[in-house]
Amino acid sequence: MSDRLLNFSPGPAALPEPVLEKARADIWNLAGSGIGILEHSHRGAPFTKVIEEAEANCRDLANIGDDHEVLFLQGGASTQFFMAPMNWLSPGKSADYINTGTWSKKAIKEAKLFGEVNVAASSEDEGFSYIPKPENLKFSDAPTYVHYTSNNTIAGTQFAGTPDVPAGSPLLCDGSSDIFSRPVNIKKFGMLYAGAQKNLGPSGLALVIIRRDMVEAGNDKLASMLQYRTHAKAKSCFNTPPAFGIYIMGEVFKWIKDQGGLSAMAEINTAKAKLLYDYIDESKMFRGTARPDSRSQMNVTFRASKEELEAQFISEAAAKGLPGLKGHRSVGGMRASIYNAFPAAGVQTLVEFMKEFERKNA
Ligand SMILES: *Cc1c(COP(=O)(O)O)cnc(C)c1O
């Protein structure tokens with residue numbers, strides 16, 4: 001669509017255009033019901049079909065079995081930062097956290113309100129520019145759970161695989177910025193959660209995939225809305241759910257299936273990221289900020305040789321229809337967020353723009 005820009009925003013981020021076009025029609029009239037998706041009762045048959053299909057497609061995509069619940073919760077990823085420790089920690093109990101950036105730190109801060117936190121490893125010593133090696137993870141004996149951030153949206157780093165944790169300790173993952181960008185073995189997770197606005201849909205909604213025994217083990221003295229069991233029992237419809245977000249997420253799941261599923265998505269994402277990193281590596285003006293073995297396929301962070309050039313780069317790019325390239329204020333420089341829905345051709349356009357910029361300003 002010619003009136004749309006190549007949006008490199010880190011989140012809310014670009015969504016698949018076929019999903020947006022379908023949503024435009026379904027806002028007016030959902031599936032011939034004469035009522036739009038925003039206006040349907042969450043207890044009626046049309047919305048029940050929407051949420052059931054969303055869950056079924058999610059299970060299908062990630063091969064999620066009966067051991068796990070699939071929940072659609074409000075409050076974004078940040079609510080999970082406190083809801084998880086609130087359910088499983090208490091004074092005297094401790095959890096292990098791997099600290100790989102701003103979002104990990106926020107999760108740690110919330111967990112400390114409810115119990116002890118052991119930081120099993122941190123890459124803060126080098127500005128979060130790397131993912132700690134498996135041999136450097138210092139877990140405690142039997143942590144109540146282990147928490148990590150699979151992709152660090154701000155630092156531009158990503159775990160290549162799932163960390164191995166002490167036997168019997170559930171693994172919790174904040175996968176907000178790389179969920180369903182590659183195949184995932186759900187069996188490894190006590191809980192995998194993600195705010196929707198990077199890879200899955202609109203902000204405010206979180207996808208929470210959680211093991212049934214974890215749901216049962218949660219504190220039952222909390223307010224109903226803060227217990228996972230409430231939402232598991234009510235199939236995410238305890239109160240009025242964020243219906244439109246669930247609808248969009250369901251359409252995004254269908255779109256990922258149309259692309260060929262998670263392995264196809266991974267191939268596309270690997271190729272997209274390679275295009276950009278290859279150019280950054282050969283460039284004399286630009287350099288990547290993440291250690292090469294820790295680079296993210298979702299958020300490509302880079303700097304220019306001089307700070308003035310960075311401001312010029314960001315504003316010239318935006319003027320050319322490439323907005324959203326400014327790095328997070330805590331790190332500076334540039335960041336190209338190229339989540340699932342960001343087209344490969346758009347990455348090519350960015351590389352061409354970078355080459356031209358380098359030629360003109362060398
Ligand atoms: C964006 C982001 C969050 C915050 O999500 P909210 O939905 O705004 O709470 C948390 N973790 C990671 C890794 C993120 O990228």
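Quick note: residue numbers are just sequence positions, from 1. In each ligand, atom 1 is the first atom listed, and ligand 1 is the first ligand listed. Hydrogens, waters and symmetry mates are skipped; everything else that's a heavy atom, side chains included, is used.
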### Query
Name the one of His40, Glu39, Lys49 that satisfies side-chain hydrogen bond (donor to acceptor under 3.5 Å, both in side chains) with Ser33?
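The residue from His40, Glu39, Lys49 that satisfies side-chain hydrogen bond (donor to acceptor under 3.5 Å, both in side chains) with Ser33 turns out to be His40.
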### Query
Would a line drawn from the ring center of Phe47 to the ring center of His42 be shorter than 6.0 Å?
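No, the ring of Phe47 stays outside the 6.0 Å limit from the ring of His42, centre to centre.
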### Query
Given side chains that start at C-beta, do those of Phe72 and Leu207 come closer than 4.5 Å, heavy atoms only?
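Contact flag for Phe72/Leu207 side chains = yes.
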List, for ligand 1, each N/O atom that has a protein N/O partner under 3.5 Å away, with both atom names and the distance.
from, atom 1, to, atom 2, distance (Å)
ligand 1, 7 (O), Ala77, N, 3.1
ligand 1, 7 (O), Gln197, NE2, 3.0
ligand 1, 8 (O), Gln197, NE2, 3.2
ligand 1, 9 (O), Ala77, N, 3.2
ligand 1, 9 (O), Ser78, N, 2.8
ligand 1, 9 (O), Ser78, OG, 2.6
ligand 1, 11 (N), Asp174, OD2, 2.6
ligand 1, 15 (O), Thr153, OG1, 2.5
ligand 1, 15 (O), Lys198, NZ, 2.7

### Query
With hydrophobic residues grouped by side-chain heavy-atom distances under 4.5 Å, do Phe180 and Met191 end up in a single group?
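The answer is no; the residues belong to distinct hydrophobic clusters.
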Anything under 3.5 Å between a donor and an acceptor, one on a side chain of residues 252-259, the other on a protein residue two or more places apart or in another chain? List them.
from, atom 1, to, atom 2, distance (Å)
Lys254, NZ, Glu251, OE2, 3.0
Lys257, NZ, Asn57, OD1, 2.8
Lys257, NZ, Asp60, OD2, 2.6
Gln259, NE2, Trp255, O, 3.3

### Check: Asn269 side chain, Gln297 main-chain N or O, donor-acceptor pair, under 3.5 Å
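No.
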